[in-house]
Number of protein chains: 2
Amino acid sequence: MRRHDVNVYINHYIVRPSIKQVALEAGVSIATVSRLLNNPDSVSIDTAGKVNQAIEALGFRPNFTGRNLRAGRSRTVGVVVPTLSNTVFAQCLQGVELAARQRDYSVMLTATEYRQQDEAAAVELLLAHRVDGVILTVTNADASATLDVLEREQIPYVLVYNQPQESTRPSVSVDNRAAAYDAVTYLIRLGHQRIQMLAGQFHASDRAIQRYHGYLQAMQQHNLVPLEPIEVPRHTNTSLAFEYLQAFRNPSQRPSALFCSNDLLALSAMRDLRALGLRVPDDVSIMGFDGIPLGELMEPTLSSVEQPSEQIGELALRTLVTTIEEQQGGHLVVASHILPHTVRIGGSVKPFTSHR
Amino acid sequence: MRRHDVNVYINHYIVRPSIKQVALEAGVSIATVSRLLNNPDSVSIDTAGKVNQAIEALGFRPNFTGRNLRAGRSRTVGVVVPTLSNTVFAQCLQGVELAARQRDYSVMLTATEYRQQDEAAAVELLLAHRVDGVILTVTNADASATLDVLEREQIPYVLVYNQPQESTRPSVSVDNRAAAYDAVTYLIRLGHQRIQMLAGQFHASDRAIQRYHGYLQAMQQHNLVPLEPIEVPRHTNTSLAFEYLQAFRNPSQRPSALFCSNDLLALSAMRDLRALGLRVPDDVSIMGFDGIPLGELMEPTLSSVEQPSEQIGELALRTLVTTIEEQQGGHLVVASHILPHTVRIGGSVKPFTSHR
DNA sequence: ATGAAAGCGCTAACAG
DNA sequence: CTGTTAGCGCTTTCAT
């Protein structure tokens with residue numbers, strides 16, 4: 001009797017067949033069905049036939065909830081990103097998802113909108129779902145209650161973008177300080193002396209702080225006077241960054257180059273400088289950070305520190321899965337991966353010339 | 001006895017406390033613990049105290065796997081996007097995640113990289129996880145085996161970006177045809193006559209086809225000769241689009257305006273035209289589709305059909321949750337939501353002048 | 001090679 | 001207000 005594509009209803013509700021109905025249909029025990037599912041070789045060839053037929057007929061699909069409950073594992077990883085509006089996190093997530101799927105892991109996603117209190121809630125949710133591990137970017141990796149929870153609960157996790165300084169926590173990132181140092185040194189080599197940093201709120205991103213340190217180091221090492229960084233609040237979607245750049249109208253108030261803590265900021269700055277009647281790179285050179293793909297599509301192309309976002313995600317997932325699966329074996333290895341960055345040279349930066 | 005922050009180990013393995021240990025610790029039955037968790041008012045004030053104390057002491061966290069197995073629901077929705085490299089999908093996902101969290105739903109994510117066979121696998125995975133519903137963008141909403149599976153299994157789903165023509169399937173999108181029509185009509189009003197469409201592979205996106213129909217309609221209605229659309233393969237990351245635009249060197253071969261089926265393509269085209277020595281908008285006007293935020297940051301700003309991606313995601317989630325929760329009540333309402341689009345006017349388009 | 005049975009964590013009758 | 005119990009779907013001994 002062939003019942004393929006025929007659903008079973010009870011009181012209007014569709015009944016999703018379980019291993020139990022399959023067993024009944026095939027005339028075997030549920031254990032046998034389970035065996036076929038998990039270790040096909042352990043059942044005889046003709047029972048296998050019967051069971052497969054029943055599975056087909058009923059449209060059976062294993063229920064991971066039951067499996068996970070039993071196994072105490074979920075083959076699911078949680079991901080916590082600050083936002084998906086910033087391409088870097090989307091790219092990273094893309095890398096995570098791809099690598100996860102290759103390994104038959106699923107991905108549960110949460111976003112925090114850069115709110116530190118939401119980090120905790122996000123992780124709580126993931127823990128309630130019993131994810132096997134978490135990939136996340138936090139506000140401050142060196143003082144994070146959220147990470148402490150993860151440690152205490154001994155849930156494997158890997159930080160992305162965060163580069164913990166004082167603590168030894170598994171992470172995948174570029175060397176933010178060194179990358180910023182390289183970018184600023186590049187500007188200095190081109191003759192720039194008045195270089196200012198434009199950043200989001202420092203308290204919302206430890207990476208921005210590390211990049212600022214790289215800026216400072218480059219300036220000091222070349223005997224240049226660091227300028228006060230410009231800190232703009234988030235949700236400066238419109239030209240609110242505008243008000244922070246007003247001073248630039250006065251040439252003497254204006255840096256010759258602006259080092260931005262991320263590309264979104266860099267692009268906003270370019271637009272707002274333009275609105276102020278200033279030209280990039282002629283009046284101000286712009287250096288970004290992240291290396292988002294779109295930076296290369298514009299004119300002038302954006303100079304930026306390129307970090308391999310998709311790779312970061314992929315490596316984080318691989319590291320996490322390794323940790324999860326070794327955890328069974330006992331010994332945990334904490335690995336901090338620093339991936340190489342590149343200073344991408346684009347048209348938004350030009351050598352400094354005094355007679356401009 | 002206070003045991004907060006003290007983990008319980010058995011053979012090196014951490015034991016995550018269950019409702020059972022909490023009950024033991026508090027000296028009540030597991031039912032009481034469950035009640036406190038789900039309906040705090042139904043337990044006496046002092047038992048509540050004891051139980052809460054036990055929960056605190058043990059660091060208990062409810063296990064959704066058990067709960068879900070029992071309930072037959074997961075309070076989780078699955079999302080299937082073609083890719084996260086395209087900002088529109090990331091934005092949409094952002095909208096979904098935000099709205100989901102507000103309603104205490106979790107999000108499980110999968111990507112297909114525009115491979116139709118991966119759509120099926122993605123949905124299978126989500127179904128195995130017993131998600132309560134699915135939000136997805138498919139290659140072709142009118143002939144999708146994946147959607148048929150969803151229908152047959154009676155899993156609530158909502159399409160995003162897809163705008164089914166022949167079938168009546170729940171969806172949230174703009175009116176692609178009308179939007180394209182509006183964009184092209186705008187170009188025509190500006191005096192353009194040789195308008196060509198630049199698209200990704202049509203077979204990979206029903207939206208692109210609908211937009212092409214809008215293009216055709218606008219051209220025909222204004223008695224203009226439609227040009228053969230240019231179809232570029234995906235993963236034209238570098239300047240492969242280049243080869244498709246070579247003909248543009250010859251002014252007589254060149255349209256005065258290019259209507260692109262998405263913004264990524266539009267930006268790539270702008271770059272490649274530039275590389276060809278052509279100026280935008282002076283030599284060729286460019287109209288995009290999607291209205292990605294970055295389009296407004298560049299110079300010239302990108303003219304584009306703006307669709308409210310984050311809203312699309314949010315509304316899809318809301319619709320989905322409504323469906324999920326009404327499903328209990330029986331009657332299903334299939335709703336197709338068409339959200340308003342806007343032709344965003346930017347500097348990449350200028351009126352056509354013959355003496356250029 | 002197969003079956004019987006226990007139990008993962010939880011909720012919902014049901015009984016008191 | 002609280003306890004007892006069954007069972008959601010599955011895997012895994014332990015027998016046979």
Side-chain angles (χ1 to χ4, degrees), chain A residues 8 10 13-52 54-55 58-76 127-132 328, chain B residues 8 10 13-52 54-55 58-76 127-132 328:
Chain A
V8 181
I10 295 181
Y13 285 97
I14 195 167
V15 173
R16 298 191 206 299
S18 74
I19 208 178
K20 207 164 156 184
Q21 354 277 354
V22 174
L24 191 67
E25 174 86 9
V28 298
S29 77
I30 60 169
T32 301
V33 180
S34 176
R35 281 193 200 97
L36 179 73
L37 259 29
N38 298 290
N39 187 5
D41 296 335
S42 67
V43 306
S44 80
I45 185 75
D46 49 338
T47 19
K50 283 191 299 183
V51 176
N52 279 323
I55 287 176
L58 295 173
F60 167 81
R61 210 184 312 274
N63 183 335
F64 284 4
T65 312
R67 178 178 294 184
N68 294 343
L69 179 58
R70 169 68 217 236
R73 302 182 308 92
S74 59
R75 261 194 121 72
T76 299
L127 292 185
H129 277 289
R130 293 301 190 266
V131 297
D132 294 341
Q328 321 290 351
Chain B
V8 181
I10 295 181
Y13 286 95
I14 196 167
V15 172
R16 300 194 203 296
S18 75
I19 209 178
K20 208 165 156 184
Q21 355 275 352
V22 174
L24 191 67
E25 174 85 9
V28 300
S29 76
I30 60 169
T32 301
V33 179
S34 176
R35 281 193 200 97
L36 178 73
L37 260 29
N38 297 293
N39 188 6
D41 296 335
S42 66
V43 306
S44 80
I45 185 75
D46 48 338
T47 15
K50 282 192 300 183
V51 176
N52 278 323
I55 287 176
L58 296 172
F60 168 81
R61 210 183 311 272
N63 183 335
F64 284 4
T65 312
R67 178 179 296 183
N68 294 343
L69 179 58
R70 169 66 219 233
R73 303 182 308 92
S74 59
R75 262 194 120 71
T76 299
L127 292 185
H129 278 289
R130 294 300 191 265
V131 296
D132 293 341
Q328 320 290 353

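So you know, we letter chains A, B, ... as the sequences are listed, proteins then strands, and number each from 1.
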Exercise. Is a side-chain N or O of B:Asn39 found less than 3.5 angstrom from the main chain of B:Arg35, in a donor-acceptor match?
Worked result: no
Exercise. If every non-hydrogen atom of B:Thr65 is compared with every non-hydrogen atom of A:Leu69, which pair is closest and at what distance?
Worked result: CG2-N, 3.5 Å
For this session: Return the value, rounded to whole Å, for the distance between atom CG of B:Leu127 and atom P of D:dG9.
Result: 16 Å
For this session: Take the protein atom CZ of A:Arg75 and the nucleotide atom P of D:dC10, then report the distance between them rounded to whole Å.
Result: 17 Å
Exercise. Between B:Thr47 and D:dT2, does any side-chain N or O lie under 4.0 Å from OP1 or OP2?
Worked result: yes
Exercise. Which of the following nucleotides, C:dG9, C:dT2, D:dC10, is nearest to the side chain of A:Val43?
Worked result: C:dT2
For this session: Could you say whether A:Ser18 or B:Ser29 is positioned toward the 5' end of DNA chain D, judged by the nucleotide with the nearest heavy atom to each?
Result: B:Ser29
For this session: Indicate, with a heavy-atom threshold strictly under 4.0 Å, whether B:Ser34 touches base, sugar-phosphate, or nothing.
Result: base
Exercise. Rounding to a whole Å, what distance do you find between A:His129:NE2 and C:dC10:P?
Worked result: 14 Å
Exercise. Would you call B:Ile55 and B:Leu37 a side-chain contact if the rule is heavy atoms closer than 4.5 Å?
Worked result: yes
Exercise. Is a donor-acceptor pair below 3.5 Å formed from side chain B:Arg130 to base D:dG9, judging by atom type as modelled?
Worked result: no
Problem set entry | Distance, rounded to the nearest Å, where B:Asn63 contributes CG and C:dG9 contributes C1' | 6 Å
For this session: Can you see which heavy atom on A:Ser74 is nearest to which on A:Asp132, and at what distance?
Result: N-OD1, 3.0 Å
Problem set entry | B:Phe64 CZ to C:dC8 C1', straight-line distance once rounded to whole Å | 17 Å
Exercise. Under 4.0 Å: is that the gap between some side-chain N or O of A:Lys20 and OP1 or OP2 of D:dC8?
Worked result: yes
Exercise. Has the side chain of A:Asn68 got a donor or acceptor atom that lies under 3.5 Å from a matching backbone atom of A:Phe64?
Worked result: yes
For this session: Remember a base hit wins even if backbone is also touched, and classify B:Val28 as base, sugar-phosphate or nothing at under 4.0 Å, heavy atoms.
Result: sugar-phosphate
Problem set entry | Atom pair distance, as rounded to whole Å: CD1 in A:Ile30 and P in D:dG7 | 13 Å
Seminar exercise, completed: When rounded to whole Å, the CG to C1' distance for the pair A:Leu36 and C:dA1 reads 13 Å
Exercise. If you check every side-chain atom of A:Ser44, which of D:dT2, D:dC10, C:dT2 has the closest atom?
Worked result: C:dT2
Seminar exercise, completed: Ranking A:Ala31 and A:Gln21 by the position along DNA chain D of their nearest nucleotide, the one closer to 5' is A:Gln21
Seminar exercise, completed: Between CG of A:Asp46 and P of C:dA1 the distance, given in whole Å, is 11 Å
Exercise. Looking for any heavy atom pair under 4.0 Å, which part of the strands does A:Asn38 touch: base, sugar-phosphate only, or nothing?
Worked result: sugar-phosphate
Exercise. Considering only heavy atoms and no angle criterion, is a donor-acceptor pair shorter than 3.5 Å present between the side chain of B:Arg35 and the base of D:dG3?
Worked result: yes
